[in-house]
Amino acid sequence: MKKERKGRVEGKMAFVTGGAQGLGKASAIMLAREGAKVTLADINEKGAAEVAAEINEECPGMAFAVGLDVTREDHWKDALAEADKAMGGINVLFNNAGIGGGTTIEDTDFETFKKVQAVDVDSVFLGCKYAIPYMVPHAPGSIINTSSIAGLIAGHNMAAYNAAKAGVWLLSKSVALHCAKRGYRIRSNSIHPTFIDTPILDGMARGMSKEELVRKLAKQVPLGIVGEPDDVAYCVLYLASDESKFITGAEIKIDGGISAM
Ligand code: NAI
């Protein structure tokens, strides 16, 4: 008997921040291909709408876009309400939007430090806080927060980024324990990529071509390559799906072995 294959996240409703490009875009495409509705939320609303249109070409009616500055509490309230209405609920939250911040403690001015905390960790606080009430009636649910390998391992020139991404790591565990204690059937985990070839790497180029930069970064990775966006998207797909139903409060490294050294 031939059984029709069901998508791995069939029927899920996912809210993806930073969905206009990079890891958010790749993950949203994969989630939609595997049967989820997705709302792409980004400060770049036009970019998010373009990605939604691209997804809808392949998977009609599965993607929506909404403007969101993840540092703004009022934006979160509006964007989640809009996504809830558009998709008929929310049960996956991918807190992915983020910015880099590559300087030392002495070279980082306070405004920059605060900006990196706002975009990279305040966003996760606000996202979890305001999405959970939408997710509870549609459980089982999954929250996936993007930290970084830089949330676990420090660098001499990553003061603001290390601080923010380390915050995301333990905040994700606190959320996991809270949801478990309340019996919400909502899981929360953090993911920790190292260098993945997305536009965020442009900020690290400092006069080098992208090819040179990628070659240089690859030398730091035991596997000898930088990652592709789909390397992260496959992990997001797994965590969003019920395949990972016993995994909460965990951190998953997607780092080609860097942290094993
Ligand atoms: P990216 O720069 O390609 O995309 C980031 C997206 O976030 C963009 O669409 C941007 O418009 C959006 N965004 C920025 N500020 C925002 C705000 N205030 N409100 C709403 N949206 C905002 O970056 P990429 O590589 O896709 O990174 C995604 C996440 O992965 C970030 O949290 C980053 O720190 C993390 N990460 C990336 C790694 C990499 O090598 N690409 C490695 C480790 C972590």
Side-chain angles (χ1 to χ4, degrees), residues 2-70 78-98 123 127 131 134-135 138 140-146 187 189 191 193 195-202 210 214 225-245 252 254:
K2 206 170 161 203
K3 191 167 168 275
E4 200 165 303
R5 180 182 174 276
K6 270 185 101 181
R8 290 172 61 187
V9 284
E10 197 80 40
K12 299 280 185 196
M13 299 164 287
F15 189 90
V16 178
T17 72
Q21 64 182 41
L23 304 183
K25 175 180 175 179
S27 302
I29 290 172
M30 199 174 282
L31 289 169
R33 282 187 182 148
E34 290 292 334
K37 286 185 185 161
V38 290
T39 295
L40 298 127
D42 206 291
I43 200 166
N44 173 5
E45 195 172 350
K46 186 166 168 281
E50 282 166 10
V51 175
E54 196 181 316
I55 293 173
N56 284 329
E57 285 251 312
E58 191 185 325
C59 316
M62 297 302 270
F64 308 87
V66 62
L68 168 70
D69 177 345
V70 290
D78 292 346
L80 288 167
E82 206 176 316
D84 179 69
K85 203 163 158 216
M87 297 193 290
I90 298 171
N91 50 20
V92 174
L93 170 66
F94 182 27
N95 273 316
N96 156 81
S123 58
Y134 284 102
M135 296 174 74
H138 299 283
S142 175
I143 297 173
I144 303 145
N145 295 324
T146 304
R187 298 175 294 107
N189 295 288
I191 59 170
F195 316 118
I196 313 284
D197 191 357
T198 74
I200 210 171
L201 294 189
D202 298 344
K210 184 78 177 266
V214 165
I225 46 171
V226 302
E228 297 170 10
D230 275 356
D231 294 329
V232 172
Y234 278 115
C235 184
V236 172
L237 174 64
Y238 172 64
L239 288 174
S241 79
D242 296 335
E243 294 163 13
S244 56
K245 70 182 172 48
I252 300 194
I254 311 164

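Reckoned from all heavy atoms, side chains included, excluding hydrogens, waters and symmetry mates.
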From [X] atom [atom1] to [Y] atom [atom2], the distance as rounded to the nearest 0.5 Å:
| X | Y | atom1 | atom2 | result |
| --- | --- | --- | --- | --- |
| His138 | Ile90 | NE2 | CD1 | 8.0 Å |
| Leu93 | Thr39 | CG | OG1 | 11.0 Å |
| Leu31 | Met62 | CG | CE | 10.0 Å |
| Asp78 | Leu68 | CG | CG | 9.5 Å |
| Asn145 | Ile191 | CG | CD1 | 9.0 Å |

Shortest non-hydrogen contact between [X] and [Y], atoms and distance:
| X | Y | answer |
| --- | --- | --- |
| Asp231 | Ile254 | O-CG2, 3.9 Å |
| Ser241 | Ser244 | O-OG, 3.0 Å |
| Gly22 | Pro229 | O-CB, 4.4 Å |
| Ala28 | Leu40 | CB-CD2, 3.5 Å |
| Gly24 | Val16 | O-CG1, 3.7 Å |
| Asn56 | Gly61 | OD1-N, 3.3 Å |

Contacts of Pro60 that satisfy side-chain contact (heavy atoms from CB on, under 4.5 Å) - sequence neighbours left out: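 If we apply the side-chain contact (heavy atoms from CB on, under 4.5 Å) test to Pro60, skipping adjacent residues, there are no hits.
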
task: Taking side-chain contact (heavy atoms from CB on, under 4.5 Å) as the test, write out the residues that go with Lys46, two or more places apart.
output: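 Lys46 satisfies side-chain contact (heavy atoms from CB on, under 4.5 Å) with Asn44, Glu50 only.
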
Pairs flagged by side chain to side chain donor-acceptor pair (under 3.5 Å) wherever residues 10-23 is involved - sequence neighbours left out: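 For residues 10-23: Lys12-Asp242.
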
- request: With sequence neighbours excluded, tell me which residues meet side-chain hydrogen bond (donor to acceptor under 3.5 Å, both in side chains) with Asp69.
  value: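 Checked Asp69 against side-chain hydrogen bond (donor to acceptor under 3.5 Å, both in side chains); matches are Thr71.
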
I need the full list of ring-ring contact (aromatic ring centres under 6.0 Å, His included) pairs touching [range], with sequence neighbours left out, sorted by first then second residue.
| range | answer |
| --- | --- |
| residues 30-68 | none |
| residues 5-51 | Phe15-Trp76 |
| residues 27-55 | none |
| residues 17-57 | none |

With side chains defined as the heavy atoms from C-beta onward, is the minimum distance between [X] and [Y] less than 4.5 Å?
| X | Y | result |
| --- | --- | --- |
| Ile43 | Val70 | no |
| Asn189 | Ile252 | no |
| Val38 | Ile55 | yes |
| Asn95 | Ser123 | no |

Atom pairs and distances, side-chain donor-acceptor, residues 79-88, under 3.5 Å, sequence neighbours left out:
none

query: Going by the salt bridge (Lys or Arg N to Asp or Glu O under 4.0 Å) test, which pairs reach into residues 19-29, not counting sequence neighbours?
result: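 For residues 19-29: Lys25-Glu54.
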
field: Under the salt bridge (charged side-chain N to carboxylate O under 4.0 Å, His left out) test, residues paired with Glu34 that sit two or more places apart
entry: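 So Glu34 forms a salt bridge (charged side-chain N to carboxylate O under 4.0 Å, His left out) with Arg5.
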
message: Please enumerate all residues that pass salt bridge (charged side-chain N to carboxylate O under 4.0 Å, His left out) together with Lys245, with sequence neighbours excluded.
response: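 For Lys245 there are no salt bridge (charged side-chain N to carboxylate O under 4.0 Å, His left out) partners, ignoring immediate neighbours.
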
Is it true that a side-chain atom of [X] and a backbone atom of [Y] form a donor plus acceptor pair closer than 3.5 Å?
| X | Y | value |
| --- | --- | --- |
| Arg33 | Glu58 | no |
| Asn96 | Thr146 | no |
| Asp197 | Glu228 | no |

